Enquirer: 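Below are the structure tokens for one structure; questions will follow.
A quick note: this is a predicted structure, and the numbers were derived from the prediction, not measured.
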Amino acid sequence: MATTFTGTQVYQSDFDPQIYLDTYYGAVSGVFIKDGYLEFILRKLHLAFTTGGVKGDTMIDIGPGPAIYQELSACEAFNEITAADFTDRNREYLERWRKNEPGLFDWTPALKFVCDLEGRSGKLAEKQEKLRKTIKRVVKCDVTKSNPLDPLVLPKVDCVLTVGCLECACKDEMAYGKVIRNLSSLLKIGGHLIIGSILGSTIFRCGSQQFTLINLSETFLRKVLTDNGFSIVDLEVLPRDYDKVMFDICNHTSGIFILARKIKEV
């Protein structure tokens, strides 16, 4: 087991986007395919951006890595999406996807699932094109900074989305609370913060590399959000069945989705 916190420079030097996508989202054996987490998150995001009323002009996706699935429903609810990630390789991968370069990860199952949810079965090419047009920029971010997008300064946005990022970026609960405040600084009052995460985990693997995770609980996440000016609108936990092979890759016990509204500055 990893005992020392995986710092940012390890992600910069050792995180491989293609191996990560194949390991966690591969159509047959991906960790988040087998445990149902991907469909859970896609369904919750679809609801948030439709009946949940989360919409507006601008959204920032914090720490998408090389993935785009979390933005598939958002591109129907926002005019402009900024994707912000720490590592050069992830940002380069996203830019290659925006340019529709060949040889990248195949998101067809996720696209089909979301199009079916939206009643647009078969409109996969149109959905991809809509998202490509809605992502206006791919920028560097560091969630530990008071302005995570520094040196870029953007007007406050209507929504901040972060899936599978904060549990990697935070060393402990104190650091997590600071990051929530940093993300809040990007949001308008009345805007929404959406978090997709995993609970009870300490490590995840990507190829031969092992990375640390903060061991989060539902109780802590409820408290850290309400303590930092948010009202929780929706929270759902997806329990995970034990599978030794999958647990050796990532040892989380459940997934969680949180939709919170910013009610005040702190």
Enquirer: Do Leu186 and Asn147 have side chains that approach each other closer than 4.5 Å (heavy atoms only, starting at C-beta)?
Expert: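 Side chain of Leu186 against side chain of Asn147, heavy atoms only: contact under 4.5 Å found.
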Enquirer: To check you understand the geometry: which heavy-atom pair defines the closest contact between Val143 and Val179, and what is its length?
Expert: O-CG2, 3.6 Å
Enquirer: Just so I know, are the side chains of Val224 and Asp227 near enough to count as touching, which here means a heavy-atom distance under 4.5 Å?
Expert: no
Enquirer: Charged N to carboxylate O below 4.0 Å: is that the case for Asp85 and Lys140?
Expert: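 Not counted as a salt bridge, because no side-chain N and carboxylate O are separated by less than 4.0 Å.
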Enquirer: Minimum heavy-atom separation for Ile263 and Ser231, please, with both atom names.
Expert: CG2-CB, 3.9 Å
Enquirer: Leu94 and side-chain contact (heavy atoms from CB on, under 4.5 Å): which partner among Ile135, Asp61, Val138?
Expert: Val138
Enquirer: Looking only at non-hydrogen atoms, find the nearest pair between Cys141 and Leu149 and report the distance.
Expert: CB-CD2, 3.8 Å
Enquirer: Does the side chain of Phe40 come within less than 4.5 Å of Val237's, by heavy atoms?
Expert: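 No, too far: nothing below the 4.5 Å cut-off.
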Enquirer: Are any of the side-chain nitrogens in Glu265 or Lys262 under 4.0 Å away from the carboxylate oxygens of its partner?
Expert: yes
Enquirer: Verify, without hydrogens or angle tests, whether Thr50 (side chain) and His46 (backbone) share a donor-acceptor contact under 3.5 angstrom.
Expert: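 Present.
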Enquirer: Distance to the ring centre below 6.0 angstrom and angle to the axis at most 45 degrees; does that hold for Arg91 and Phe86?
Expert: no
Enquirer: Write down the atom of Cys168, the atom of Gly164, and the distance for their closest heavy-atom approach.
Expert: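 Residues Cys168 and Gly164, closest heavy atoms: SG-O, 3.7 Å.
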Enquirer: Examine the side chains of Arg137 and Thr82 and answer whether a donor and an acceptor come within less than 3.5 Å of each other.
Expert: yes
Enquirer: How many angstroms lie between atom SG of Cys250 and atom CD of Gln210, to the nearest 0.5 angstrom?
Expert: 10.5 Å
Enquirer: State whether a side-chain donor-acceptor pair under 3.5 Å links Ser121 with Asp116.
Expert: yes
Enquirer: Short question: side chain of Lys136, backbone of Lys133 - any donor-acceptor pair under 3.5 Å?
Expert: yes
Enquirer: Any side-chain heavy atom of Thr212 within less than 4.5 Å of one from Thr4?
Expert: no
Enquirer: Trp97 and Phe105: aromatic ring centres closer than 6.0 Å?
Expert: no
Enquirer: Taking the six-membered ring for Trp, is the centroid-to-centroid distance between Tyr69 and Phe113 below 6.0 Å?
Expert: no
Enquirer: Would the distance check show the side chain of Asn251 and the main-chain N or O of Phe247 forming a donor-acceptor pair, the cut-off being under 3.5 Å?
Expert: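 A pair under 3.5 Å: no.
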Enquirer: So, Phe32 versus His252, ring centres under 6.0 angstrom or not?
Expert: yes
Enquirer: Check this for me, if you would: do Asp234 and Lys44 make a salt bridge, where the nitrogen-to-carboxylate-oxygen distance has to be below 4.0 angstrom?
Expert: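 Here Asp234 pairs with Lys44 in a salt bridge, since their nearest N and O are under 4.0 Å apart.
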Enquirer: Evaluate the ring-ring contact (aromatic ring centres under 6.0 Å, His included) criterion for residues Tyr24 and Tyr37: first the C-alpha distance (whole Å), next the side-chain angles of each, then the deciding distance (0.1 Å), finally the verdict.
Expert: CA-CA 10 Å; Tyr24 290 88; Tyr37 181 74; over 10 Å; no
Enquirer: So, does Arg181 use its side chain to make a donor-acceptor pair with the main chain of Val266 at under 3.5 Å?
Expert: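 Such a contact is absent between Arg181 side chain and Val266 backbone.
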Enquirer: Side chains of Asn90 and Thr87: any donor to acceptor distance under 3.5 Å?
Expert: yes
Enquirer: If I take atom CD1 from residue Ile68 and atom OH from residue Tyr93, how far apart are they, to the nearest 0.5 angstrom?
Expert: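 Separation between the atoms: 10.0 Å.
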Enquirer: Closest approach of Ile194 and Ala48, non-hydrogen atoms and distance?
Expert: CD1-CB, 4.4 Å
Enquirer: Shared ILVMFWY cluster between Leu199 and Leu213, side chains joined below 4.5 angstrom?
Expert: no
Enquirer: Would you say NZ of Lys130 has more than 12 non-hydrogen atoms from neighbouring residues, nucleotides or ligands within 6.0 angstrom?
Expert: yes
Enquirer: May I ask whether Leu161 and Ile256 are part of the same hydrophobic cluster, defined by side-chain heavy atoms of I, L, V, M, F, W, Y residues being less than 4.5 angstrom apart, directly or through others?
Expert: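 Shared cluster, no.
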Enquirer: Taking Glu92 first and then Arg89, would you say they form a salt bridge - that is, a charged N and a carboxylate O separated by under 4.0 Å?
Expert: no
Enquirer: Describe, in one word, how the ring planes of Phe15 and Phe204 are oriented to each other, choosing from parallel (under 30°), tilted (30 to 60°) and perpendicular (over 60°).
Expert: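 Aromatic pair Phe15/Phe204 classed perpendicular.
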Enquirer: Around atom CG of Asp172, are there more than 12 heavy atoms of other residues, nucleotides or ligands at under 6.0 Å?
Expert: yes
Enquirer: Less than 4.5 Å apart, any side-chain heavy atom of Ile198 and any of Glu167?
Expert: yes
Enquirer: Has the side chain of Ser197 got a donor or acceptor atom that lies under 3.5 Å from a matching backbone atom of Val163?
Expert: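 Not confirmed, Ser197 side chain does not pair with Val163 backbone.
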Enquirer: Can you check whether Asp88's main-chain N or O pairs, donor with acceptor, with Gln12's side chain at less than 3.5 Å?
Expert: yes
Enquirer: For Ile62, does its backbone N or O pair with a side-chain atom of Thr162 as donor and acceptor, under 3.5 Å?
Expert: yes
Enquirer: Check this for me: Lys156, atom NZ, are more than 12 non-hydrogen atoms of other residues, nucleotides or ligands nearer than 6.0 Å?
Expert: yes
Enquirer: Does Glu118 pair with Lys127 as a salt bridge, N-O distance under 4.0 Å?
Expert: yes
Enquirer: I need the minimum non-hydrogen distance between Cys159 and Val54, along with the two atoms involved.
Expert: SG-CG1, 4.1 Å
Enquirer: For Glu76, is there an ion pair with Arg120 - N to carboxylate O distance below 4.0 angstrom?
Expert: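 Here Arg120 pairs with Glu76 in a salt bridge, since their nearest N and O are under 4.0 Å apart.
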Enquirer: Quick check on Lys112: does its NZ atom have over 12 non-hydrogen neighbours (other residues, nucleotides or ligands) under 6.0 Å away?
Expert: no
Enquirer: Using side-chain heavy atoms (C-beta onward) and a distance below 4.5 Å, is Asp158 in contact with His192?
Expert: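 Sidechains of His192 and Asp158: no contact.
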Enquirer: Once rounded to the nearest 0.5 Å, what's the spacing between atom CD1 of Ile195 and atom CG of Leu183?
Expert: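 Nearest 0.5 Å value for the CD1-CG distance: 7.5 Å.
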